[in-house]
Structure formats: C-alpha cells, structure tokens
Amino acid sequence: MSGAARSVRLPDGTLVPALGQGTWHMGENARNAPTEAASLRLGLDLGLTLIDTAEMYGSGGAERVVADAIAGRRDEVFLVSKVLPHNATREGTKAACERSLKRLRTDRIDLYLLHWPGSVPIAETVEAFEALRAQGKIRSWGVSNFDTSAMRALMAAPHGAACATDQVLYNLDERGIEFDLLPACAARGIPVMAYTPLGQGGRLLRSKALAAVGARHNTAPATVALAFLLTRPGVIVIPKATQAEHVRANAAAATLRLDAADLATLDAAHPPPRRKQGLAML
Ligand SMILES: NC(=O)c1ccc[n+]([C@@H]2O[C@H](COP(=O)([O-])OP(=O)(O)OC[C@H]3O[C@@H](n4cnc5c(N)ncnc54)[C@H](OP(=O)(O)O)[C@@H]3O)[C@@H](O)[C@H]2O)c1
C-alpha cells in the first residue's frame, strides 16, 4: 500500500518532512564530493528535503558538500547542522555557527543541534542558541544524544523548553528509546530524529523479517526498515546514502504503509524494550 509522504510538526509549528538525508562520512575525500553532492540532489528531487549535517563530519567537508548540493535551491531545503560539545560555550557556539554558515554558503541554519552532552553547562549553550535565533542565524535549536535525565535538566533550564528535537540512535535493533525517551518527548511535543536508521555495519539489513516484509510489498529491506520508523508519530528519519539506488530505495519508504501483520513480523524478530535501557549512541 502507498500513500502521501508524512511530515512532522516542530514545536514552533514548522512542518518538516519525516524522511530526510544524513551526511556522516561525506566530505572526507574530495574525490568523492561530486558523487556525494549528486546523491543529495537526487534525494531532493525525490522529496528528501531535510538534510542533516554537522561541523564534525569530514571536519567541515560534509557541510561543503551540502553547500554544493543545495546551491541554487536553498529555499527547498530544511537544513540541520550541529555544534561540537567542546565548542558549545557562549562565544564558541556563535563562532562555530558562523564557520558552518560560511561552509554551507547560506545565511541561516534551520535547526542547530548540540551534537552530544559535554562539559559546558547546557544553560550556557541554550543562551548562545537563543542569541543566534534572535539574530536570525538559526531558526530553531535542539540537542542530540540526550537521554531522559539530560532532557529533564534541559527542560528545567531557562528557555530549555524551546528545544525543537532530540536526535538519537534509533533503528529496529536499537529500540530502547521506545520505553521512555520517545514517550517523554512526545508528551512535550518534541520530535525525535532517528539516526543510523539502517543499523550499524549492514547486519540489520540482513534480517529475515525485513526480507519477508519486503517480499510482501515487493520492496527492499532498507525501505521497510525506514518505513517502520516512520510509523512512529513525531519521528524524523535521516538515512545517509551515496549510491543512487540506495537513495531511491530510501525515498520509497516515505509512501510505504506497513500493516499490522508487517509490524507483528518485525516486532517478533526485533522486539521492543521491556525495561529502561541506557541511551545507546555511536
Ligand atoms: N547525532 C549523532 O550523533 C549522529 C550519529 C550518527 C549519525 N548521525 C546522522 O544520521 C545519519 C544516518 O546515520 P548513519 O549514516 O550512521 O547510518 P545509516 O543512514 O543508517 O546507514 C548508512 C549506510 O547504509 C548504506 N545505505 C543507505 N541506504 C541504503 C539502502 N537503501 N540499502 C542498503 N544500504 C544502504 C549507506 O551506503 P552508501 O552511502 O554507499 O549508499 C551507508 O553505508 C548520518 O549520516 C548523520 O547525518 C547522527
């Protein structure tokens, strides 16, 4: 069954596509940059207009690849980037944002994230994020790799409740967040961004359950793995793909609708958590 592509509402009311594109490992080798930019452009053509990058990826190289990919089509794109924790001081955050804007060759980042919790007090980073937002350099801000306790501390900080997302590891083999973090974010209307949605090292994509459900729908295991995450309300999914056939298989997930029998097959092979698990991260 197919249908319309889903979108997710951010706390400020902005609607973003539930399925986007990641960029980790892009920009690491200049020779591959044209292929990487072309794959992102193919994704844009197929409706994957949310692009996730970070100052860390390729030491700025991924942001440069993104700049090439979105040249002339900036207004089509919802652009996400991240500041490294050791840069996330009051002044360091602003300087890192300026460097990212320059590499991205744009005047604004739509969503700017703290890459993971570090030693800088979160209230200080939030203050810098809010200053960047007031200047129009970022439209919204969020965090990444924050477990429930870190989210609680963030919500208690001044302006902490303005957080637009928590980007975390989430795939069929890593469902821990379904126990507490996902419901806690949903209760506050904060979407979760699922990173590494295809699992690490290719193991998940060899799952017999994914193959079985894929056979029922005449589609690839990767498409099913992404469509599973898209059944969750308030979840944004950001697969990274450099090969064109991968981009196409991923884009197909936006309109694949899994039924109750499909979900039962996936749950049996990749069971949901029964108790609290510490947040897994890469
Ligand atoms: N916040 C964080 O700490 C954090 C951590 C990790 C990742 N992320 C973000 O999340 C994004 C996605 O995570 P990820 O890159 O770790 O993993 P992923 O998207 O789950 O998997 C990427 C790998 O899967 C392959 N692939 C993509 N589509 C495929 C398909 N349809 N069939 C078979 N293989 C396919 C890619 O190959 P090709 O490239 O050769 O096509 C690549 O090797 C990252 O790129 C990054 O933007 C954030």
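All ligand and atom numbering here is 1-based and tracks the order in the structure. No experiment lies behind these values; they were computed from the predicted model shown.
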Check each protein residue for a heavy atom under 4.0 Å from ligand 1 and list those that pass, ordered by chain and number.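 Those residues closer than 4.0 Å to ligand 1 by some heavy atom are G22, T23, W24, D52, Y57, K82, H115, S144, N145, Q167, Y195, T196, P197, L198, G199, L205, A222, I238, P239, K240, A241, T242, Q243, H246, A249, N250.
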Report yes or no: does [X] contribute a side-chain atom to a donor-acceptor pair with the main-chain N or O of [Y] at less than 3.5 Å?
X    : Y    : answer
T14  : L10  : no
T219 : A215 : no
E36  : G27  : yes

Any pair with a residue in residues 164-212 that passes ring pair (Phe, Tyr, Trp, His ring centres under 6.0 Å), sequence neighbours left out, goes on the list, sorted by first then second residue, please.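 For residues 164-212: none.
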Can you confirm whether V83 sits close enough to Y112 that some side-chain heavy atom of one is under 4.5 Å from a side-chain heavy atom of the other?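 The answer is yes, as the side chains (C-beta and beyond) meet within the 4.5 Å cut-off.
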Is any NZ, NE, NH1 or NH2 atom of the basic residue among D45 and R73 found under 4.0 Å from an Asp or Glu carboxylate oxygen of the other?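 Salt bridge between D45 and R73, a charged N being under 4.0 Å from a carboxylate O: yes.
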